[in-house]
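This report refers to the structure that appears directly beneath it.
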Amino acid sequence: MARMRIPPRRRVRLDTAPQRSLIGQLEQLVHQSNRGFVETRKRSFYKYRSFLLFVAGRFEVGDIRLIEPRHVAAFAAEEFGRGKRPGTVLSELSAIRFWHGQVVGRKYDVPGNRELLEGDLSEKTQRRFRRL
């Protein structure tokens, strides 16, 4: 399979240190990834990048391995609050699940859509998705 290159036309301005850190880690992950079709990876890359910018801005997470299920649930709630259609939000959750599954040494797995959309991610519930 072919390696994916990040097109320069869609670069975003990174204002904070957590944003620069997360996007740099994502770009390293993209260059190491060879799973799936290139065009699918590109589409999902941009969706995951917008999620990482949200996480860096809202929660100030600086390491891609420390993303928790509550971050993903907050992103889904934010997208629904913006008026996005459910199919669009579900495809974004799928992209998040795809890229986050490739992160080596991640602390949490991304839960299924039911747990994310119901919003019941207390500390006890979130522990189920912790990787040992």
Side-chain angles (χ1 to χ4, degrees):
M1 289 200 192
R3 294 279 180 198
M4 186 179 111
R5 291 192 183 144
I6 302 167
R9 62 182 167 83
R10 289 185 135 182
R11 295 190 190 251
V12 293
R13 183 176 170 170
L14 306 173
D15 297 326
T16 64
Q19 287 178 340
R20 285 190 292 274
S21 174
L22 285 178
I23 298 303
Q25 292 171 35
L26 174 62
E27 288 177 354
Q28 287 178 349
L29 183 65
V30 166
H31 292 299
Q32 295 169 1
S33 173
N34 200 17
R35 195 170 128 200
F37 293 107
V38 174
E39 291 302 316
T40 306
R41 279 186 286 168
K42 279 184 187 177
R43 283 192 300 272
S44 64
F45 165 78
Y46 293 117
K47 293 174 185 177
Y48 193 59
R49 183 180 68 177
S50 67
F51 165 70
L52 289 179
L53 292 174
F54 169 80
V55 169
R58 182 103 171 268
F59 299 101
E60 297 183 5
V61 174
D63 192 353
I64 203 167
R65 296 173 294 180
L66 300 178
I67 292 175
E68 301 177 15
R70 66 184 178 99
H71 300 145
V72 182
F75 178 73
E78 178 82 19
E79 295 298 299
F80 276 122
R82 290 183 183 171
K84 287 195 176 180
R85 294 182 10 201
T88 305
V89 176
L90 290 178
S91 72
E92 289 174 348
L93 292 177
S94 174
I96 291 169
R97 208 172 277 113
F98 171 78
W99 284 110
H100 193 68
Q102 295 187 30
V103 174
V104 177
R106 64 188 180 275
K107 193 171 181 180
Y108 291 93
D109 286 328
V110 178
N113 292 338
R114 177 172 292 177
E115 289 91 357
L116 290 173
L117 299 180
E118 287 177 357
D120 181 33
L121 286 174
S122 62
E123 185 63 34
K124 181 181 175 187
T125 309
Q126 192 163 311
R127 262 186 260 137
R128 289 188 334 199
F129 301 103
R130 188 179 180 106
R131 294 179 58 90
L132 299 177

What are the two closest non-hydrogen atoms of [X] and [Y], and how far apart are they?
| X | Y | answer |
| --- | --- | --- |
| Leu22 | Ala56 | CD1-CB, 3.7 Å |
| Ser33 | Arg41 | O-NH1, 3.0 Å |
| Phe80 | Pro86 | CE2-CA, 3.7 Å |

Can you tell me how far [atom2] of [Y] sits from [atom1] of [X], rounded to the nearest 0.5 angstrom?
| X | Y | atom1 | atom2 | result |
| --- | --- | --- | --- | --- |
| Arg43 | Phe98 | CZ | CZ | 11.5 Å |
| Ser21 | Leu26 | OG | CG | 11.0 Å |
| Thr16 | Glu60 | OG1 | CD | 7.5 Å |
| Phe75 | Leu116 | CZ | CG | 11.5 Å |

### Task
Report the C-alpha distance between Leu52 and Trp99 in whole Å, list the side-chain angles of each, state the deciding distance to 0.1 Å, and finish with yes or no for side-chain contact (heavy atoms from CB on, under 4.5 Å).
CA-CA 11 Å; Leu52 289 179; Trp99 284 110; over 6 Å; no
Any donor-acceptor pair under 3.5 Å from [X] side chain to [Y] backbone:
| X | Y | value |
| --- | --- | --- |
| Ser44 | Thr40 | yes |
| Arg106 | Gly101 | yes |
| Arg35 | Gln102 | no |

### Message
Quick one, His31 with Gln28, criterion side-chain contact (heavy atoms from CB on, under 4.5 Å). Give me CA distance, side-chain angles, the key distance, then yes/no.
### Response
CA-CA 5 Å; His31 292 299; Gln28 287 178 349; 5.9 Å; no
### Message
If you apply the rule side-chain contact (heavy atoms from CB on, under 4.5 Å), what do you find for Arg49 with Val30, and how did you get there?
### Response
CA-CA 11 Å; Arg49 183 180 68 177; Val30 166; over 6 Å; no
### Task
Could you walk me through whether Arg97 and Asn113 pass the side-chain contact (heavy atoms from CB on, under 4.5 Å) test, one step at a time?
CA-CA 10 Å; Arg97 208 172 277 113; Asn113 292 338; 2.9 Å; yes
### Message
Using the ring centroid of each side chain, check whether Phe51 and Tyr48 are separated by less than 6.0 Å.
### Response
yes
### Query
With side chains defined as the heavy atoms from C-beta onward, is the minimum distance between Ile23 and Leu53 less than 4.5 Å?
yes
### Task
Evaluate the side-chain proximity of Gln25 to Leu29: yes if any heavy-atom separation is below 4.5 Å, no if none is.
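Result no, sub-4.5 Å side-chain heavy-atom pair not found.
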### Message
Please verify the inter-ring angle class for His71 with Phe59; under 30° counts as parallel, over 60° as perpendicular, anything in between as tilted.
### Response
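The rings of His71 and Phe59 sit tilted, inter-plane angle from 30° to 60°.
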### Query
Under 3.5 Å, is there a donor-acceptor pair between the Thr88 and Glu92 side chains?
no
### Query
Should the heavy atoms of other residues, nucleotides or ligands under 6.0 Å from CZ of Arg65 be counted, would the total exceed 12?
no
### Query
Applying the side-chain contact (heavy atoms from CB on, under 4.5 Å) test to His100, which of Asp109, Val72, Ile67 qualifies?
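Per the side-chain contact (heavy atoms from CB on, under 4.5 Å) rule, the option paired with His100 is Ile67, out of Asp109, Val72, Ile67.
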